[in-house]
Amino acid sequence: MEYVFREVKCPWCDHVFMWKKYGGEGCRVVGYRFKPTGESAEKAKCPKCDENMLVVDDILIGLDMDDNRIVIDGFENPTLEEINQLTEISKYMAMLLRHKPEKGNLKLDKEGYTDVESLLKALDIDFDTLEQIVVNDSKQRYSFNKDKTRIRANQGHSVSNVHIHFKEYTPTKPLYHGTALKYKDGINKKGLISMNRQYVHLSQDIETAKSVGMRHAKNIGNLIIFEIDCKNMIKDGYKFFISDNNVVLTEKVPKKYLKLVQI
């Protein structure tokens with residue numbers, strides 16, 4: 001049986017754990033049926049607080065099982081179509097805030113921020129819906145400023161004028177990079193390069209690297225993970241940074257610092 005791994009953050013207690021689509025140790029997954037449409041979905045249970053949630057792409061939804069109902073963004077007992085609508089909004093938002101702000105007539109400053117009101121207009125949603133997407137994003141991709149008048153993607157930009165001032169970070173143990181098997185030969189030749197992004201994204205543990213890599217690999221048989229020799233990279237003058245949502249960043253990782261990990 002092939003498993004689809006995803007790192008999720010419980011919307012009730014903020015506990016982060018690995019979720020397997022077909023179940024697994026520490027996480028029970030059971031069938032759940034929406035009302036009134038009868039559409040099928042899957043439900044996960046947090047191993048820490050024992051509360052229920054739905055995991056639909058990158059949107060986490062709290063479930064009130066005592067009342068036998070789901071409420072999200074004004075929809076009570078929403079259909080999959082309504083939940084998928086939120087997922088599509090989130091994906092479009094990521095594109096606007098990372099790669100193509102002009103598509104929504106947005107202007108990003110050097111730190112990646114844009115006006116919330118402009119983004120609401122571009123997405124055609126209200127602030128409560130936007131806040132729901134930001135709070136429930138399992139990777140915590142977005143953040144507001146203090147008064148919530150401006151918003152940005154925390155990392156992953158390809159826009160040339162955005163240069164977020166990330167905190168410099170010194171890893172004390174190896175970092176990891178998960179990806180698909182089809183990229184193995186290219187990485188072995190050129191190392192890890194940022195491609196159209198400003199930085200290479202690295203994970204602080206193997207489980208997170210698995211979660212990230214599965215987005216490209218699609219199934220566990222196509223997943224590969226590289227271990228990064230941070231100690232020698234630092235010794236040779238390379239720098240690491242960390243984003244607000246704890247993604248480790250560096251400009252590139254030459255192939256001599258990479259080692260394939262047995263999964």
Side-chain angles (χ1 to χ4, degrees), residues 4 6-17 19 32 34 39 41-44 46 51-64 69-109 111-159 162 164 197 201 208 211-212 214-215 243-247:
V4 176
R6 179 164 295 155
E7 181 186 69
V8 298
K9 183 178 182 180
C10 175
W12 301 105
C13 70
D14 291 336
H15 177 60
V16 177
F17 63 99
W19 177 72
Y32 187 80
F34 284 104
E39 294 172 289
E42 286 184 312
K43 182 187 73 178
C46 176
E51 290 286 356
N52 300 287
M53 70 190 78
L54 289 177
V55 186
V56 183
D57 283 344
D58 292 314
I59 302 295
L60 303 184
I61 305 163
L63 303 179
D64 187 344
R69 65 191 179 96
I70 314 169
V71 177
I72 178 172
D73 291 337
F75 297 118
E76 183 163 341
N77 295 317
T79 64
L80 284 178
E81 180 180 358
E82 289 166 336
I83 294 174
N84 287 336
Q85 181 182 8
L86 280 180
T87 303
E88 291 305 312
I89 291 172
S90 180
K91 289 179 180 178
Y92 184 57
M93 186 167 92
M95 184 267 287
L96 292 178
L97 295 181
R98 285 175 164 175
H99 310 297
K100 296 183 178 180
E102 69 277 5
K103 292 286 186 180
N105 295 315
L106 303 178
K107 293 183 178 180
L108 306 184
D109 65 20
E111 292 294 323
Y113 283 105
T114 191
D115 291 331
V116 166
E117 288 299 325
S118 297
L119 182 61
L120 293 177
K121 183 177 180 180
L123 298 176
D124 192 25
I125 59 175
D126 59 24
F127 180 80
D128 288 343
T129 302
L130 177 63
E131 192 170 38
Q132 179 84 24
I133 291 171
V134 172
V135 171
N136 286 342
D137 187 276
S138 64
K139 301 293 182 184
Q140 295 297 287
R141 290 179 176 90
Y142 317 106
S143 60
F144 292 108
N145 65 346
K146 289 184 179 180
D147 63 5
K148 296 187 177 181
T149 59
R150 297 178 70 74
I151 188 173
R152 74 177 179 187
N154 286 321
Q155 87 288 319
H157 299 82
S158 62
V159 181
V162 173
I164 296 177
R197 292 183 172 183
H201 293 192
T208 303
S211 175
V212 174
M214 285 301 296
R215 285 182 289 169
S243 67
D244 287 347
N245 57 334
N246 294 316
V247 176

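Heads up: numbering here begins at 1 and tracks the sequence.
Among pairs with a residue in residues 94-107, none fulfils salt bridge (Lys or Arg N to Asp or Glu O under 4.0 Å), at least two apart in sequence or across chains.
Between Ile125 atom CD1 and Leu119 atom CG the span is 6.5 Å, to the nearest 0.5 Å. Atom CG in Leu106 sits 4.5 Å away from atom OG1 in Thr114 (nearest 0.5 Å). The line from CG of Leu120 to CG of Asp128 is 10.0 Å long, rounded to the nearest 0.5 Å. Distance check: Leu123 CG to Thr129 OG1 gives 10.0 Å after rounding to the nearest 0.5 Å.
Listed by chain and residue number, nothing satisfies the side-chain hydrogen bond (donor to acceptor under 3.5 Å, both in side chains) test with His157 (two or more places apart in sequence, or in another chain). Residues meeting the side-chain hydrogen bond (donor to acceptor under 3.5 Å, both in side chains) test with Ser143, sequence neighbours left out: Asn154. In this structure, the side-chain contact (heavy atoms from CB on, under 4.5 Å) partners of Asn145, at least two apart in sequence or on a different chain, are Tyr113, Asp147, Thr149, Arg150. By the ring pair (Phe, Tyr, Trp, His ring centres under 6.0 Å) test, Phe144 is found to be paired with Phe127, residues two or more places apart in sequence or in another chain being considered. Every side-chain contact (heavy atoms from CB on, under 4.5 Å) that Asn246 has, sequence neighbours left out, goes to Gln204, Ile242.
When each of Gln140, Gln155, Arg152 is checked for a side-chain hydrogen bond (donor to acceptor under 3.5 Å, both in side chains) with Asp244, only Arg152 meets the rule. Of the candidates Leu96, Val159, Val162, Pro101 forms a side-chain contact (heavy atoms from CB on, under 4.5 Å) with just one, namely Val159.
His99 and Gly156 get closest at one heavy-atom pair: CE1-O, 3.3 Å. Contact between Gly104 and Ala122 at its shortest, heavy atoms only, is O-CB, 3.6 Å.
Within the 4.5 Å cutoff, side-chain heavy atoms of Met93 are placed close to those of Ile133. A 4.5 Å side-chain heavy-atom check between Val116 and Lys148 finds every atom pair outside the cut-off.
Between the side chain of Tyr142 and the backbone N or O of Ser90 there is at least one donor-acceptor pair closer than 3.5 Å.
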